[in-house]
Amino acid sequence: MKALLVYPEFPDTYWSFRHALSLEGRRSAFPPLGLLTVSAMMPESWERRLVDMNVQTLKPADVEWADVVFASAMLVQKDSLRHVVGLCKSRGKRVVVGGPYVSTGAEQMPEADHIFVGEAETTFPDFINDFERGTAKRIYKADVRPALSAAPIPDFRLANLGRYGAMAVQYSRGCPFQCEFCDIIEIYGRVPRTKSNEQMLTELDALRRAGWRGMVFIVDDNFIGNKRNVRRLLPELAEWSERHSYPFAFITEASVNLADDDELLGGMRRAGFRRVFLGIETPVEESLKETQKTQNLRRDLLGSVKRIQSHGMEVMAGFIVGFDSDPEDIFERQIQFIRESAIPLAMVGLLMALPDTQLWRRLEREGRLLQESTGNNTDCTLNYVPKMDAGRLVEGYKSILRTIYSPHEYYQRSLDCMERVVNVVTEPRRGDSVGDAAALVRVLLRLGVRDEARGEFWRYMYRAVVEHREKFAVAVMLAALGYHFRKVTEEYCK
Ligand code: B12
Ligand code: SF4
């Protein structure tokens, strides 16, 4: 059997990191971990090929080669997914789809032959049996969410690792909180399930043996969702990292209450965590209450960010405008918060009602739902009727983006961030010094020569070298990322 695994194209968004990755000589941020996991569950005898359309073109010959095509997608990839499914069906291929988009709306993909709703660890073996007997069903949905002991080591060999900016592994699924807009808790549940320490370290060994060095994103919905298990993992992870001379710098996502736990913070630092993405959403208490973000309520959010930074981790964060309770001055308040937080990578989005969420159901009841969202909460579209005038909301949103990603503001936040985040271990490099040197030349040429904000860039680099010499690589990387954010902002705020 010949299986073609296809990952549809993303639009160009903040999260695509495209303008920064091209300076680094990479094509996409992360490989498609869902498909690599599905591949690892296929029979040994099956031949497999991966086409991640974010790093290579899907050619008609790839489709011709296959007996069956497997595709995975988020909502934001739906147009590309539709194109892939259409192309494969027009060539008479069987098509199997899964991932978050069809998991929250299986009816969206009538052309596909087989649809996986939710996680596939327990349903995929059934599908393989049925498929080989010619009795495969249209929909596969597990009655209960699988234990992660059933998750195989992802088939990392299938991806061309050199084309990606970072690798991805997963430790847990699910999150105990209940934010109104979140679809994670609908898809992956509110009881966080984790892999065993042994599973986790075996996966990391597999990545290390595959030759990967550099950033590894632990793509959990909330890394500290199951604190008890994380406490047991961290000492072993730290020991593993030390034994292998810190081959990876870890990034993950966590809830803000991470700041309350010195043991976890210290453990993460020792294990080699360098960046944490937090869901801050808004500094406005009323809006946090409205959206049921209880873990952020009645807390000094700026102090929490600072505390995490003081443990050697750069904070990235998500912010949202468009809540019913947002006051008139919400835009200035978000800008002020982001400025004071020293968070260079502040992902600000418009509130978006994702299918099958509490927010979706409330807005539907209130008759305020307009259409399915694009899945991209930064493209300045709204899929619900906001309380604030829609035009004012979108203009205010754009004013945040223009301000926080203007060269002066961004470079200043990056300097503030380097000041606060003190690392003891140097960033792991990929062992490709020619590639690193070429990337540096590209950044210097683009930002220091061709860019109209080159004056700001050189002032920033001067201060970075004088004040944070040991963080030169981080300073260059932050500059490249800032350039990406600025370019995407110019696109959105035309
Ligand atoms: C890593 C990640 C990313 C990476 C993408 C990496 C990549 N190449 O895929 C980055 C950081 C770039 C990213 C970006 C975005 N993301 Co994202 N991301 C994730 C995250 C945290 C982990 C994904 C992952 O690797 N999971 C691990 C794998 C093993 O799980 P899985 O994909 O679900 O796969 C399992 C099953 O679904 C199933 N399966 C999956 N595919 C298939 C296919 C077949 C054929 C079969 C049989 C089974 C199957 O089998 C797997 C094993 O059980 C998820 C949350 C989550 N828990 O998944 C959000 C998530 C997928 N992202 C989401 C969103 C909204 C986004 C953004 C749009 C954010 C934004 N606001 O702009 C952007 C869009 C990207 C862009 N460029 O525009 C949403 C999607 C919602 C939806 N309904 O579509 C999620 C669910 C999180 C959330 N609620 O915010 N994301
Ligand atoms: S903390 Fe994050 S993952 Fe958990 S429910 Fe809230 S938005 Fe979802």
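Note that ligands are numbered from 1 as they come in the structure, with each ligand's atoms numbered from 1 the same way.
Side-chain contact, Q295 with S255: no donor N or O sits under 3.5 Å from an acceptor N or O. In this model, a donor atom of one side chain and an acceptor atom of the other lie less than 3.5 Å apart for D379 and T374. Counting only N and O atoms by type, the side chains of S287 and D326 include a donor and acceptor under 3.5 Å apart. No side-chain donor-acceptor contact under 3.5 Å links T13 and N376. Between the side chains of T194 and N229, at least one donor N or O sits under 3.5 Å from an acceptor N or O.
Residue contacts with ligand 1: G375 is included, with a non-hydrogen atom under 4.0 Å away. Not a single heavy atom of R190 sits closer than 4.0 Å to an atom of ligand 2. Ligand 1 lies less than 4.0 angstrom from a heavy atom belonging to G118. Judged by the shortest distance from any of its heavy atoms, F127 lies outside the 4.0 Å radius around the atoms of ligand 1. Taking 4.0 Å as the cut-off, A168 does not count as a neighbour of ligand 1 on heavy-atom distance. Under a 4.0 angstrom heavy-atom cut-off, V38 registers as being in contact with ligand 1.
Q199 places a side-chain N or O within donor-acceptor distance of the main-chain N or O of S196, the cut-off being under 3.5 Å. In this structure, the side chain of D221 does not engage the main chain of C175 through any donor-acceptor pair within 3.5 Å.
Protein heavy atoms are found less than 4.0 angstrom from atom 1 (C) of ligand 1. Less than 4.0 angstrom separates atom 55 (C) of ligand 1 from at least one non-hydrogen atom of the protein. In this structure, atom 49 (C) of ligand 1 is in close contact with the protein, since a protein heavy atom lies within 4.0 Å of it. At a distance under 4.0 Å, a protein heavy atom can be found next to atom 28 (C) of ligand 1.
With respect to atom 4 (Fe) of ligand 2, the closest heavy atom belonging to the protein is C175 SG, 2.3 Å. Taking atom 8 (Fe) of ligand 2 as the reference point, the nearest protein heavy-atom neighbour is C182 SG, 2.4 Å. Among all non-hydrogen protein atoms, the one lying nearest atom 2 (Fe) of ligand 2 is K293 NZ, 4.1 Å. Of the protein's non-hydrogen atoms, the one nearest atom 6 (Fe) of ligand 2 is C179 SG, 2.3 Å. Taking atom 9 (O) of ligand 1 as the reference point, the nearest protein heavy-atom neighbour is Y7 OH, 2.6 Å.
Because its NZ or CZ atom is not both nearer than 6.0 Å to the ring centre of F17 and within 45° of the ring axis, R26 does not count as a cation-pi partner of that residue.
For ligand 1 and E121, the ligand atoms under 4.0 Å from any heavy atom of the residue are 52 (C), 53 (O). Here is the list of ligand 1 atoms found below 4.0 Å of a heavy atom in F70: 45 (C). Ligand-side atoms of ligand 1 in range of G99: 37 (O), 39 (N), 40 (C), 41 (N), 42 (C), 49 (C), range being under 4.0 angstrom from any heavy atom. Below 4.0 Å from some heavy atom of S16 lie the following atoms of ligand 1, by number and element: 77 (N). Within ligand 1, counting atoms from 1 as listed, the ones closer than 4.0 Å to a heavy atom of P31 are 7 (C), 8 (N). Near G34, meaning under 4.0 Å from one of its heavy atoms, ligand 1 places the atoms 28 (C), 29 (C), 32 (O), 34 (O). Taking every heavy atom of D183 and a limit of under 4.0 angstrom, the matching atoms of ligand 1 come to 81 (C), 82 (C), 83 (N), 88 (C), 89 (N). Residue T37 has at least one heavy-atom neighbour below 4.0 Å for each of these atoms of ligand 1: 29 (C). Close contacts of ligand 2 with Q295, meaning ligand atoms under 4.0 Å from a residue heavy atom, involve 1 (S).
Ring geometry, H19 versus Y483: the interplanar angle exceeds 60°, so the pair is classed perpendicular (tilted spans 30 to 60°).
For F30 and Y164, the ring centers sit 6.0 Å or farther from each other. The ring of H114 has its center no closer than 6.0 angstrom to the ring center of Y140. Annotation: F485 is in aromatic contact with Y14 [ring centroid separation under 6.0 Å].
If you look at A71 next to ligand 1, the close heavy atoms, those under 4.0 Å, all belong to the backbone. For M347, no heavy-atom contact with ligand 1 is shorter than 4.0 Å. By the criterion of a heavy-atom distance under 4.0 Å, the side chain of F116, and not its backbone, is placed next to ligand 1. Using a 4.0 Å cut-off between heavy atoms, Y188 contacts ligand 1 through its side chain alone, with no backbone atom that close. Within the 4.0 Å heavy-atom criterion, both parts of W15, backbone and side chain, lie near ligand 1. Looking at A29 against ligand 1, nothing comes within 4.0 Å, counting heavy atoms. In P146, neither the side chain nor the backbone holds a heavy atom less than 4.0 Å from any atom of ligand 1. Heavy atoms from both the backbone and the side chain of E119 come within less than 4.0 Å of ligand 1. Looking at Y140 against ligand 1, nothing comes within 4.0 Å, counting heavy atoms.
The shortest N or O to N or O distance between T13 and ligand 1 is below 3.5 Å. Residue-to-ligand polar distances place S72 within reach of ligand 1: an N/O pair is separated by less than 3.5 Å. Between F30 and ligand 1, at least one N/O pair is under 3.5 Å apart. In terms of polar-atom proximity, S103 is not counted as a contact of ligand 1, lacking any N or O under 3.5 Å from an N or O of the ligand. Residue M41 has no N or O atom closer than 3.5 Å to an N or O atom of ligand 1.
For the ring-ring contact (aromatic ring centres under 6.0 Å, His included) test with F273, the passing option among F248, F250, Y171 is F250; the others fail. None of F319, F223, W15 except one satisfies the ring-ring contact (aromatic ring centres under 6.0 Å, His included) rule with F277; the exception is W15. With E180 as the partner, the side chain to side chain donor-acceptor pair (under 3.5 Å) test is satisfied by one option alone out of R362, Q358, K293: R362.
For the atom pair L359 CG and Q292 CD, the distance stands at 9.5 Å (nearest 0.5 Å). In this structure, the separation between CE on M352 and CG on L382 is 11.5 Å, given to the nearest 0.5 Å. Atoms CH2 and CD1, from W46 and I128 in turn, are 3.5 Å apart once rounded to the nearest 0.5 Å.
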Go through the steps for D12 and K487 under the test salt bridge (Lys or Arg N to Asp or Glu O under 4.0 Å), then give the verdict. CA-CA 10 Å; D12 211 3; K487 287 284 139 195; over 6 Å; no
Test S39 against D155 for side-chain hydrogen bond (donor to acceptor under 3.5 Å, both in side chains), laying out the working first. CA-CA 6 Å; S39 167; D155 205 349; 2.5 Å; yes
Verify side-chain contact (heavy atoms from CB on, under 4.5 Å) between L33 and F156, making sure each step is shown before the conclusion. CA-CA 9 Å; L33 192 60; F156 294 118; 4.1 Å; yes
